[in-house]
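Following: one structure in structure tokens, then a few remarks.
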Amino acid sequence: MYKVRIGQEEKEYAKQTPFLAIAREYQPQYADDIVLVVHNNKLKELDRVLDAAGSLDFITTADVNGRKAYRRSMLMLLEKAAFELYGTQVRIRVMHTLGNGQYCETEGAAVTDTMLEQLREEMVRLADADITIHKNTIHTDAAIAKFHEYGMTDKERLFHYRRSSHVNLYDMQGYKDYFYGYMVPSTGYLKYFDLVKYGAGFVLVYPGEDTRKTAPFQTSEKLYVTMMKSAAWAKSMQIATIGELNEQIVKGRIQDVVLLQEAEMEQRLGKLAEQIAGQRDKKFVMIAGPSSSGKTTFSHRLSIQLRAHGMVPHPIGLDNYYVDRDKTPLDKNGQYDFECLEAVDIDLFNSDMTKLLAGERVDLPHFNFKSGKREYKGDHLQLGADDILVIEGIHGLNDRLSHTLPTETKFKIYISALTQINMDEHNAIPTTDGRLLRRIVRDARTRNSSAERTIRMWQSVRRGEERNIFPFQEEADVMFNSALIYEMAVLKMYAEPLLFAIGPESPEHLQAKRLLKFLDYFLPVPSEHISPNSILREFIGGSCFHV
């Protein structure tokens with residue numbers, strides 16, 4: 001027998017008791033489905049068994065890891081349904097997250113309403129059958145051979161560069177595939193979903209906050225167009241997956257890849273500056289985006305392009321308009337909420353901007369983060385005919401921030417790092433992982449902050465983004481993707497030592513372990529090829545800008 005602490009109680013279970021049996025015992029105490037456990041600070045699937053005494057925590061579909069397991073398993077259910085209906089004639093390609101779902105396309109046949117109805121009915125049938133999802137560990141060479149047999153060329157290429165000698169394959173009633181991360185124990189858990197025709201493909205819609213109900217599909221058309229353009233460019237470069245990027249590295253072509261990506265981004269910046277310069281009534285370029293999108297470097301590079309088009313840009317950071325620290329609102333935990341709109345002195349910002357628009361001379365503030373107060377250092381500004389303000393901050397797209405400024409004077413830009421490559425046919429790379437890795441590297445370099453602390457704060461940062469940034473992204477005149485096709489291979493060399501420093505006793509160890517496994521798929525690229533004006537330099541250091 002093993003003694004196991006579950007919450008505040010201690011229980012005894014026989015050796016080799018399946019976690020699934022323990023989860024079923026405790027399920028009535030949880031509003032959401034238990035899909036994984038954390039045993040002695042290690043994330044485990046429910047088909048595993050108790051092999052030691054210690055602590056046990058349940059992970060439900062309301063938790064981050066549980067939600068990911070549900071969505072991952074739902075994708076396999078979709079693939080299984082397509083295989084049952086169409087064999088190998090129609091293949092599902094998982095593209096990227098879109099709203100509260102996963103955007104997918106089909107190969108072999110166009111998406112129709114009839115196809116989606118057939119898939120939906122088959123998925124429901126498979127879910128009702130409650131089919132066990134088995135995990136089998138096989139040698140990497142055998143896995144590569146199987147992927148070749150299945151025609152999964154992306155996976156075949158991905159594992160060609162994998163150091164690990166073994167691969168975990170999941171089996172759903174004979175249909176086998178590889179997935180990056182853990183799965184639910186059976187198809188009976190996968191009851192809440194919808195399929196919505198969208199663009200050139202369709203969206204597999206997931207539950208929202210209510211984990212036992214499919215949320216209405218909501219998305220941004222501008223975001224979809226931006227993602228598709230980025231994916232199309234990656235495909236044209238023949239670097240649509242990690243395996244293809246690794247091939248370029250092995251063949252010694254990475255410097256060309258870096259130069260091509262930076263040239264493509266500079267071209268987009270130039271067109272954007274030309275668009276702004278062509279509208280002389282625009283006096284405020286409002287830039288907003290989630291954490292680690294590269295807003296600061298972007299604003300500098302855009303300013304250079306605006307100068308090249310005959311304009312005189314003046315960068316302004318909204319952080320300088322923070323209210324004094326003692327007036328900063330508190331969140332529900334009693335901590336300073338620097339990300340809410342009320343943390344900004346809206347009245348002062350509007351007063352200063354209105355005066356500038358009227359041609360008056362204004363003394364701009366600087367926020368002293370050490371003292372927690374605004375200061376004035378004689379930074380005066382007066383706008384002329386060719387002057388334009390480039391304003392960067394998380395609330396830039398929210399009209400409540402600039403409510404007194406005429407709409408026709410504002411040009412709004414939403415920027416985010418939207419990863420344009422995937423792991424393989426069925427495993428997309430979450431854009432949040434790319435931004436988290438950027439932030440881990442930057443915070444360690446500029447703030448002497450450990451990866452452990454950055455990861456610990458990440459969910460709070462994400463909640464702030466959901467509240468203050470994402471709802472306004474469709475208000476942007478332009479969306480700009482700051483992700484670089486090669487950046488994970490560069491960030492790998494900086495992030496891995498920081499992540500390895502997080503010990504198994506830390507609550508953040510699970511996240512660190514997952515990110516390390518993810519980075520293991522990339523071959524490393526040294527930073528010597530990265531130009532000093534690259535957005536990536538904002539995070540790894542060596543930028544020619546003050547970032």
Side-chain angles (χ1 to χ4, degrees), residues 93-96 138-169 177-181 230-265 417-431 433-438 440-441 481 483-497 499-500 513-530 534 536 539-540:
R93 176 167 285 275
V94 177
M95 301 288 285
H96 48 255
I138 65 174
H139 194 276
T140 301
D141 291 343
I144 291 172
K146 277 194 176 294
F147 296 141
H148 180 78
E149 177 188 341
Y150 297 159
M152 296 180 181
T153 55
D154 290 346
K155 283 188 173 68
E156 186 181 355
R157 189 180 291 112
L158 177 72
F159 283 95
H160 176 74
Y161 299 101
R162 187 83 191 278
R163 292 186 181 90
S164 176
S165 59
H166 291 86
V167 175
N168 292 322
L169 285 187
D177 201 356
Y178 167 80
F179 284 89
Y180 166 61
S230 297
W233 184 83
K235 188 175 181 180
S236 72
M237 294 293 106
Q238 297 183 320
I239 311 177
T241 64
I242 295 176
E244 289 179 329
L245 174 63
N246 286 338
E247 277 190 351
Q248 296 296 318
I249 295 170
V250 168
K251 292 177 179 178
R253 298 173 182 168
I254 191 61
Q255 187 167 7
D256 289 342
V257 171
V258 171
L259 291 173
L260 282 167
Q261 172 77 93
E262 295 293 349
E264 184 270 343
M265 182 172 287
L418 307 169
T419 308
Q420 61 269 71
I421 64 173
N422 284 339
M423 293 185 72
D424 55 47
E425 299 93 337
H426 305 136
N427 288 274
I429 297 175
T431 58
D433 280 354
R435 291 194 292 110
L436 175 55
L437 287 167
R438 281 182 171 189
I440 286 171
V441 172
N481 187 3
L484 299 160
I485 206 164
Y486 61 84
E487 68 176 80
M488 299 298 178
V490 177
L491 289 170
K492 171 188 175 82
M493 302 179 69
Y494 295 86
E496 282 185 336
L499 293 167
F500 274 119
K513 188 177 178 181
R514 184 183 69 82
L515 290 172
L516 283 167
K517 182 182 177 183
F518 168 59
L519 289 171
D520 193 45
Y521 289 99
F522 293 88
L523 296 180
V525 170
S527 60
E528 62 193 45
H529 299 303
I530 315 305
S534 173
L536 193 54
F539 305 97
I540 65 174

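Since the model is a prediction, treat every value here as computed from it, not as a measurement. Sequential numbering from 1 along the given sequence is applied to the chain's residues. Just so you know, these numbers use all the heavy atoms, side chains as well, and skip hydrogens, waters and symmetry mates.
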Quick one: list whatever passes salt bridge (charged side-chain N to carboxylate O under 4.0 Å, His left out) with Asp433, sequence neighbours left out. Arg514

Just checking Phe159 against Tyr178, ring centres under 6.0 Å apart? yes

Using 0.5 Å steps for rounding, measure from the CD atom of Glu247 to the CG atom of Leu245. 10.0 Å

Hey, what do you get for CG (Leu158) to CG (Asn427), rounding to the nearest 0.5 Å? 8.0 Å

Report yes or no: does Thr241 contribute a side-chain atom to a donor-acceptor pair with the main-chain N or O of Glu425 at less than 3.5 Å? no

When you check the gap from the basic side-chain N to the acidic O, do Asp520 and Lys517 get nearer than 4.0 Å? no

Is it true that a side-chain atom of Thr419 and a backbone atom of Ile421 form a donor plus acceptor pair closer than 3.5 Å? no

Interatomic distance, NZ@Lys492 vs OH@Tyr521, rounded to 0.5 Å, equals 11.5 Å

Looking at Val258, is its backbone amide N or carbonyl O close enough to the side chain of Glu262 to form a donor-acceptor pair, meaning the two atoms are under 3.5 Å apart? no

So which atom in Arg438 and which in Phe539 form the shortest heavy-atom distance, rounded to 0.1 Å? O-CD2, 3.5 Å

Going through the checks in order, is the side chain to side chain contact (heavy atoms under 4.5 Å, CB included) test met by His529 and Val490? CA-CA 10 Å; His529 299 303; Val490 177; over 6 Å; no

Using side-chain heavy atoms (C-beta onward) and a distance below 4.5 Å, is Ile429 in contact with Tyr180? no

Okay, side chain of Asp154, backbone of Met423: is any donor-acceptor separation there less than 3.5 Å? no

Within a strict 4.5 Å, meaning less than it, do heavy atoms of the Leu437 and Leu519 side chains meet? yes

Considering residues at least two apart in sequence or located in another chain, which fulfil the side chain to side chain contact (heavy atoms under 4.5 Å, CB included) criterion with Gln261? Trp233, Glu264, Gln420, Leu484, Ile485, Tyr486

Which pair of heavy atoms, one from Ser527 and one from Tyr494, lies closest together, and at what distance? OG-OH, 3.0 Å

Ala483 and Asn481 have their tightest heavy-atom pair at N-OD1, 3.0 Å

Asp424 (side chain) donor-acceptor with Glu156 (main chain) under 3.5 angstrom: no

His160: ring pair (Phe, Tyr, Trp, His ring centres under 6.0 Å) partners, not counting sequence neighbours: none

Value rounded to 0.5 Å, distance of CD1 in Ile530 from CD in Glu487: 9.5 Å

Take atom NE2 of His166 as the centre, draw a 6.0 Å sphere, and report whether it contains more than 12 heavy atoms from other residues, nucleotides or ligands. yes

Would you compute the distance between atom CG of Asp256 and atom CE of Met237 and round it to the nearest 0.5 angstrom? 11.0 Å

Lys155 vs His426, side chain to side chain contact (heavy atoms under 4.5 Å, CB included): CA-CA, chis, key distance, verdict: CA-CA 9 Å; Lys155 283 188 173 68; His426 305 136; 3.1 Å; yes

I need the minimum non-hydrogen distance between Thr431 and Leu418, along with the two atoms involved. CG2-CA, 3.6 Å

Side chains of Ile138 and Lys146: does their closest heavy-atom pair fall under 4.5 Å? yes

Do the side chain of Asn246 and the main chain of Tyr161 share a donor and acceptor less than 3.5 angstrom apart? no

Where do Ile249 and Pro524 come nearest, in terms of heavy atoms and distance? CG2-O, 4.1 Å

Does the side chain to side chain contact (heavy atoms under 4.5 Å, CB included) test come out yes or no for Leu523 and Val250, once each step is laid out? CA-CA 8 Å; Leu523 296 180; Val250 168; 3.4 Å; yes

Would you check, one step at a time, whether the test side chain to side chain contact (heavy atoms under 4.5 Å, CB included) holds for Asp177 with Met152? CA-CA 9 Å; Asp177 201 356; Met152 296 180 181; 3.6 Å; yes

Show the nearest heavy-atom pair for residues His96 and Ala428, with the distance to one decimal. CA-CB, 4.4 Å

